[in-house]
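The structure appears below as structure tokens.
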Amino acid sequence: MTASDGAPRRAVLGTWPTPLEPAPRLALALGLEAEDLWIKRDDLTGLGGGGNKVRKLEWLCGAALAGGATVLVTTGAPQSNHARLTAAAAARLGLGAVLVLAGRPGASSSGNLALDGLLGARVVWAGDTGAASLDSVAHEIAEKLSRQGAVPALLPFGGSSALGARGYAECGRELLAQAPGLDTVVTAVGSGGTMAGLVGELGAHRVLGVHVGAVSAPAVTVSRLASGLTGAYCPPESLRLRTDQVGDGYGTLTEPARSALVLAARTEGLVLDPVYTGRALAGLAAAVADGTVRPGRRTVLLHSGGLPGLFGHAPALAAAEAGLTAED
């Protein structure tokens, strides 16, 4: 959708603003003061199980509708939150959805994949391939759909583009209204658009990103997206970005993330996922430990959703079930 002046418009898909909730018990457990830590509940965005991708998809789908799209095409990992929410957005808007996913049928099950099916998406398995090959397959699928008379809109990996990042610039504005005196927002960094949007609105000094291993050069990726969003160059070296929580790679369960999942659940009843928000909280814990984040300053942890992914992550489920205590 575009305005009469040609400016992009949103296809409203979520419920705004999302809540900002105090987390005093978690704050104390981390070594902060009780009133320091707040959770931005972007897991409660409303559409298709919620999560941060809804903010990006509002802008991407607005552009798709303006172009007359009849089907959305995007890429991701087997348990992609972005793919799941693209399928949900397509259903909400009366469009088709084709998800080009890395891997093969049967290699991953439950969680987001179950919701992809429930939402009516068509999945194309691209085999064991990297992001560049996934993108190539997606372009081939889009061309085939065009030949068949459809009008495909190809959405970027993770929903991350300068246009999609507008959603997190809006989140930054929400935070400024909800949390006066905000010092630091901590967010997981996957495809980079969430951090880029926050940096674009709040400035690089107020955003701490925690790399999860989804891209090879996170600082360069976020820099490019933030620069495209604002029109002003954002140097990669200006970004506050932790790269110490990747462990054995994207999709793996690290010990700090496992501990973070347990801590959030048992102090605040807050359920995180093992790939993104678990790593984000682990990164925050490390930042408190090394003095990067200090007591007495208002800190926000962005809960970017991803709960369905927990149920498609066998090691995380096994670790969670190991915490069960038998009743005598």
Measure across [X] and [Y] and return the closest heavy-atom pair with its distance rounded to 0.1 Å.
| X | Y | result |
| --- | --- | --- |
| V199 | A226 | CG1-CB, 4.4 Å |
| L272 | A264 | CD1-CB, 3.7 Å |
| A87 | A121 | CB-CB, 3.8 Å |
| G158 | S191 | CA-OG, 3.4 Å |
| L208 | A287 | CD2-CB, 3.9 Å |
| P152 | A142 | CG-O, 3.4 Å |

Start with the C-alpha distance between R104 and D128, add both sets of side-chain angles, then the distance that settles side-chain contact (heavy atoms from CB on, under 4.5 Å), and finish with yes or no. CA-CA 7 Å; R104 304 178 188 282; D128 300 325; 3.8 Å; yes
Each residue besides [X] in its hydrophobic cluster should be listed here, by chain and number; the cluster joins Ile, Leu, Val, Met, Phe, Trp and Tyr at side-chain heavy-atom distances under 4.5 Å.
| X | answer |
| --- | --- |
| V73 | V71, V98, V100, V124, L134, V137, I141, L145, L154 |
| Y250 | V212, V275, Y276 |
| L253 | none |

According to a 4.5 Å side-chain heavy-atom criterion applied to Ile, Leu, Val, Met, Phe, Trp and Tyr, with indirect links allowed, do [X] and [Y] form part of one hydrophobic cluster?
| X | Y | value |
| --- | --- | --- |
| L301 | L28 | no |
| L270 | V210 | yes |
| L115 | L99 | no |
| L225 | V215 | no |
| V186 | V222 | no |

Distance check, rounded to the nearest 0.5 Å: [X] atom [atom1] versus [Y] atom [atom2]?
| X | Y | atom1 | atom2 | value |
| --- | --- | --- | --- | --- |
| L198 | R173 | CG | CZ | 11.0 Å |
| D183 | T299 | CG | OG1 | 6.0 Å |
| L60 | K53 | CG | NZ | 10.5 Å |
| K56 | L155 | NZ | CG | 12.0 Å |
| T194 | Y168 | OG1 | OH | 5.0 Å |
| R10 | L163 | CZ | CG | 11.5 Å |

Residues two or more places apart in sequence or in another chain: which of them pass side-chain contact (heavy atoms from CB on, under 4.5 Å) with [X]?
| X | result |
| --- | --- |
| L229 | A165, R166, A169 |
| H205 | none |
| S227 | S223, Y233, C234 |
| R224 | T221 |

Just by distance, do the side chain of R84 and the backbone of A114 share a donor-acceptor pair under 3.5 Å?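 No; zero donor-acceptor contacts below 3.5 Å.
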H211 side chain to A219 main-chain N or O, any donor-acceptor pair under 3.5 Å? no
The criterion is ring pair (Phe, Tyr, Trp, His ring centres under 6.0 Å); which residues satisfy it with F157, sequence neighbours excluded?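 Applying ring pair (Phe, Tyr, Trp, His ring centres under 6.0 Å) to F157 gives none.
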Taking it one step at a time, do Q178 and V300 satisfy side-chain contact (heavy atoms from CB on, under 4.5 Å)? CA-CA 11 Å; Q178 292 173 318; V300 171; over 6 Å; no
Please identify each residue that fulfils side-chain hydrogen bond (donor to acceptor under 3.5 Å, both in side chains) with E255, with sequence neighbours left out.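 Applying side-chain hydrogen bond (donor to acceptor under 3.5 Å, both in side chains) to E255 gives R258, S259.
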Can you tell which of T277, L175, V207, T187 makes a side-chain contact (heavy atoms from CB on, under 4.5 Å) with L302? T187
Are side-chain heavy atoms of N52 and T45 found at a separation under 4.5 Å? no
Do any side-chain atoms of residues 29-39 form donor-acceptor pairs under 3.5 angstrom with protein atoms, and if so which ones, sequence neighbours left out?
residue, atom, partner, partner atom, Å
D36, OD1, G296, N, 3.4
D36, OD2, E33, N, 2.9
D36, OD2, G296, N, 2.8
W38, NE1, E35, O, 3.2

Check the pair N81, N112 against side-chain contact (heavy atoms from CB on, under 4.5 Å), reporting the backbone distance first and the verdict last. CA-CA 7 Å; N81 294 305; N112 280 316; 3.0 Å; yes
When the side chains of residues 12-22 are checked against the rest of the protein, which donor-acceptor pairs come out under 3.5 Å, sequence neighbours left out?
residue, atom, partner, partner atom, Å
W16, NE1, E58, OE1, 3.4
W16, NE1, E58, OE2, 2.9
T18, OG1, K40, NZ, 2.9
T18, OG1, D42, OD1, 2.6
T18, OG1, R55, NH2, 3.3
E21, OE1, R41, NH1, 2.8

Keeping to residues at least two apart or across chains, list the ring pair (Phe, Tyr, Trp, His ring centres under 6.0 Å) pairs with something in residues 88-118. none
In this structure, are over 12 heavy atoms from other groups packed under 6.0 Å from D290 atom CG? yes
For the pair L72 and L57, evaluate side-chain contact (heavy atoms from CB on, under 4.5 Å) and give the outcome as yes or no after the intermediate values. CA-CA 11 Å; L72 305 178; L57 283 164; 5.6 Å; no
